[in-house]
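Convention: sequence-line order gives letters A, B, ...; per-chain numbering from 1.
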Amino acid sequence: MTLHLYDTASREVSEFKSLKPSQVSIYVCGATVQGPPHIGHVRSGVNFDILRRWLIKSGYDVTFIRNVTDIDDKILHTAKHDEMPWWAVAMKYERVFTAAYAELNIMPPTYEPRATGHITQMIELMQKLIDNGAAYAPGNGDVYLEVRKLKRYLTLSRQNIDDLQAAADADETNKKDVRDFALWKAAKPGDPSWPTPWGPGRPGWHLECSAMAHAYLGEKFDIHGGGLDLVFPHHENEIAQSEAAGYGFAQRWLHNAWVTQSGEKMSKSLGNSLQVNEILKSVRGIELRWYLGSAHYRSMLEYSPAALEESATNFRRIESFLKRATEIIGEKPTLQLGKEFRDAMNDDLAVPTALASISENLRLGNQAVTDNDKAAIAKNANEIRGALDVLGCDPFDPAFVQSGSSDLTPALDGAIKLALAERASARERKDFAASDAIRDGLADLGITIEDTAQGPRWSIN
RNA sequence: GGUCGGGUGGCCGAGAGGCGAGGCAAGGGACUGCAAAUCCCUCUACACGGGUUCAAAUCCCGUCCCGACCUCCA
């Protein structure tokens, strides 16, 4: 089976064919850096990171662009409130986002352009749109796209333009039509601005993505991604601008669904308990990633602490098997993939189905450990590690290796082995009170002992 | 008002005309001195009412409920 992906525009899953052989270009709308990320933001990051890793694994050379929107109303509002320069606010939260992405092992984009670094490209695009009659500058410093002149509009969301509700704050005096949207916004006193032929101002939201996608990926590219809420207006308007400029733009649209809480979309009003930093106090980054990646990217993921904990438990079982297999085989598993896993991933990234294949590998692998069948242990461990690698959850990935512990491990191992030797001799003379005291003592220190066919092994909780 | 998703076992979550996804929890069993870990077994669900069909969780009609978007949200 070849890779098939959903396309929001056609509402169908279809075979993926890249524009250029063995190369894929992807543009994903990144964050507006106005505050720290919650787990919904990073779910989008994880979903598209899995897509990227799967494309790479499938042999593609992937160019992955994710922008940073570093100028917008909310950033300006926060700047005013916190008495900081707007650019300091943007940089502060951009760094928090970058750190969160890193904690979750989300690969850095090939290029990560900032909106304010591409004003030149935006002005060029606006000039083009004005020259060909698609956009107009009413003279007050604003620039609008004239949506009634478009050959086609609202093809992603399949809405009728006359059914749209006009914005509550629509400034009808400058727009030819209330549905026209701003490419550029005239400067307001005290706000940052950049000079243009139509007056000083700042970018409208939609313009930046069209300009940056064009700058880094050219007139047409393979995949455009983002959150479901961006379909309208953001992506519709990107399409409108880009097609009006004569660009082919995105060949396929992918949108990830929400993390919800109590059935509702996560938002700032629900508080900050779901910020990535808060969640990472209770689980590791690799476990949060496993949880966020485990649901299908187009399905809502209903968050609850219990669901997160359950998912983490499941991951630890898998991780524990891999470590044990490594001890028995004497080397780390290699990266292999089973057919069922491949087929699931090729079917529009059916991660939940792919996870079922990992569970089967785990069961067979554990059986093999009982039977001491090293070939079967290796096969299943290899396939599990290969699958985890695609999902960005390989426990052997240096991104997840915790610093500080490695230096002490040999010394600790030696000390625990001494205690285990005492326990073994106590057990031999049937002095179970003594042997259990050793085990309980270690348990109090957070060290769990398991008796296996290959002898006792220890792990830190 | 318009557009679009959903409702699946105790819980989480796939599937989309026939063949019990998977996980977590729970109960039973095997192994163990006892545990832990592991394996085996059990728990046969698809909002409601009609319809189509040899066959419906899946398709159609209707109803109820939940949610998203409708001009700067991942």
Would V351(A) and M345(A) count as a side chain to side chain contact (heavy atoms under 4.5 Å, CB included) if you check the C-alpha gap in whole Å, the side-chain angles of each, and the deciding distance to 0.1 Å?
CA-CA 6 Å; V351(A) 174; M345(A) 293 302 287; 4.1 Å; yes
Would you check, one step at a time, whether the test salt bridge (charged side-chain N to carboxylate O under 4.0 Å, His left out) holds for D180(A) with K149(A)?
CA-CA 10 Å; D180(A) 290 351; K149(A) 282 194 178 170; over 6 Å; no
Quick one, F341(A) with N361(A), criterion side chain to side chain contact (heavy atoms under 4.5 Å, CB included). Give me CA distance, side-chain angles, the key distance, then yes/no.
CA-CA 10 Å; F341(A) 182 86; N361(A) 280 131; over 6 Å; no
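Proximity of S299(A) to the phosphate of A14(B): a side-chain N or O atom is located under 4.0 Å from OP1 or OP2.
Which of G13(B), A74(B), C4(B) sits closest to the side chain of A295(A) comes down to G13(B). Residue P233(A) has its side chain nearest to U71(B) when only A68(B), U71(B), C4(B) are considered. Nearest to the side chain of R11(A), among C4(B), U71(B), A21(B), sits C4(B). The nucleotide whose nearest atom lies closest to any side-chain atom of R179(A) is, among A74(B), C4(B), U71(B), U71(B). For F232(A), whose side chain is taken as the heavy atoms from C-beta onward, the closest listed nucleotide among C24(B), C70(B), A74(B) is C70(B). For S359(A), taking side-chain heavy atoms from C-beta onward, the closest of the listed nucleotides A74(B), G13(B), G23(B) is G23(B). Distances from the side chain of A356(A) to the nucleotides G22(B), A74(B), C4(B) place G22(B) closest. Among C12(B), A14(B), G23(B), the nucleotide with an atom closest to any side-chain atom of N314(A) is G23(B). Side-chain proximity of Q159(A) to the nucleotides U3(B), U71(B), A74(B) is greatest for U3(B).
Secondary-structure annotation of RNA chain B gives the stems B:1-7 with B:64-70, B:10-12 with B:22-24, B:26-30 with B:38-42, B:47-51 with B:59-63, with a stem taken as at least 3 successive Watson-Crick or G-U pairs whose two distances both fall under 3.5 Å.
Residue V259(A) is in base contact, counting any heavy-atom pair closer than 4.0 Å across all strands shown. When heavy atoms are screened at a 4.0 angstrom cut-off, T69(A) is found touching no nucleic acid atom at all. Nucleic acid contact for E360(A): none, since no nucleic acid atom lies under 4.0 Å from a heavy atom of the residue. Among the heavy atoms of the strands lying under 4.0 Å from G226(A) are primed sugar atoms or P, OP1, OP2 only; no base atom is included. N47(A) comes within 4.0 angstrom of no nucleic acid atom, judged by non-hydrogen atoms across all strands. Among the heavy atoms of the strands, none lies under 4.0 Å from H255(A). Among the atoms of the strands shown, only primed sugar atoms or phosphate atoms (P, OP1, OP2) are found under 4.0 Å from some heavy atom of R158(A). A350(A) comes within 4.0 angstrom of no nucleic acid atom, judged by non-hydrogen atoms across all strands.
Between C19(B) and A56(B), the two C1' atoms lie 14 Å apart (nearest whole Å). Across C11(B) and U3(B), the matching P atoms stand 34 Å from one another, rounded to whole Å. The same atom, P, is picked in G17(B) and in G13(B); the two are 23 Å apart, to the nearest Å. A distance of about 32 Å separates the C1' atoms of A14(B) and G2(B), rounded to the whole Å. G7(B) sits 27 Å from A26(B) when the P atoms are compared, rounded to a whole Å. Comparing U58(B) with G50(B), their P atoms sit 14 Å apart, to the nearest whole Å. Using atom P as the reference point in both A57(B) and U63(B), the two lie 22 Å apart (nearest Å). Of the C1' atoms belonging to C66(B) and A47(B), the separation is 11 Å, rounded to the nearest Å.
Relative to the six-membered ring of Y136(A), K176(A) meets both conditions, a distance below 6.0 Å and an angle of at most 45° to the axis. In this structure, R43(A) is not positioned above the aromatic face of Y297(A) in the sense of NZ or CZ being under 6.0 Å from the six-membered ring centre and within 45° of the axis.
The interatomic distance linking Y291(A) (OH) with G13(B) (C1') rounds to 10 Å, in whole Å. In this structure, CG of D348(A) is placed 12 Å from P of A14(B), rounded to the nearest angstrom. Computed from coordinates, the L228(A) CG to U3(B) P distance equals 17 Å when rounded to whole Å. In this structure, M300(A) atom CE and G13(B) atom P are separated by 12 Å, rounded to whole Å. Put simply, CH2 on W290(A) is 13 Å from C1' on C24(B), counting in whole angstrom units. At whole-Å resolution of the value, CG in L254(A) and C1' in G5(B) are 16 Å apart. The distance between atom CG of L154(A) and atom P of U71(B), rounded to the nearest whole Å, is 12 Å. L292(A) has its CG atom 17 Å from the P atom of C12(B), to the nearest Å.
Between Y216(A) and H118(A), the gap from one ring centroid to the other is short of 6.0 Å. For H255(A) and H235(A), the ring centers sit closer than 6.0 Å to each other. Taking the ring centroids of F249(A) and H224(A), they lie under the 6.0 Å cut-off.
Take the nearest nucleotide of RNA chain B for T353(A) and for K74(A): the residue whose nucleotide is more 5' is T353(A). Of the two residues contacting RNA chain B, namely D180(A) and R43(A), the nearest-nucleotide position lying further toward the 5' end is that of D180(A).
The aromatic rings of Y101(A) and F97(A) sit tilted, their planes meeting at an angle between 30° and 60°. Ring geometry for W194(A) versus W86(A): interplanar angle over 60°, hence perpendicular rather than tilted (30 to 60°). A perpendicular orientation is assigned to the rings of F181(A) and H206(A), their planes being inclined by more than 60° (bins at 30° and 60°).
Side-chain contact between D72(A) and H77(A): absent, with no pair of heavy atoms (C-beta onward) separated by less than 4.5 Å. Side chains of H296(A) and D348(A) form a contact here, defined as non-hydrogen atoms less than 4.5 Å apart.
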A correct 5'-to-3' footprint of nucleotides 30-39 of chain B, with B, S and - meaning base, sugar-phosphate only and no protein heavy atom under 4.0 Å, is ---BBBBSSS
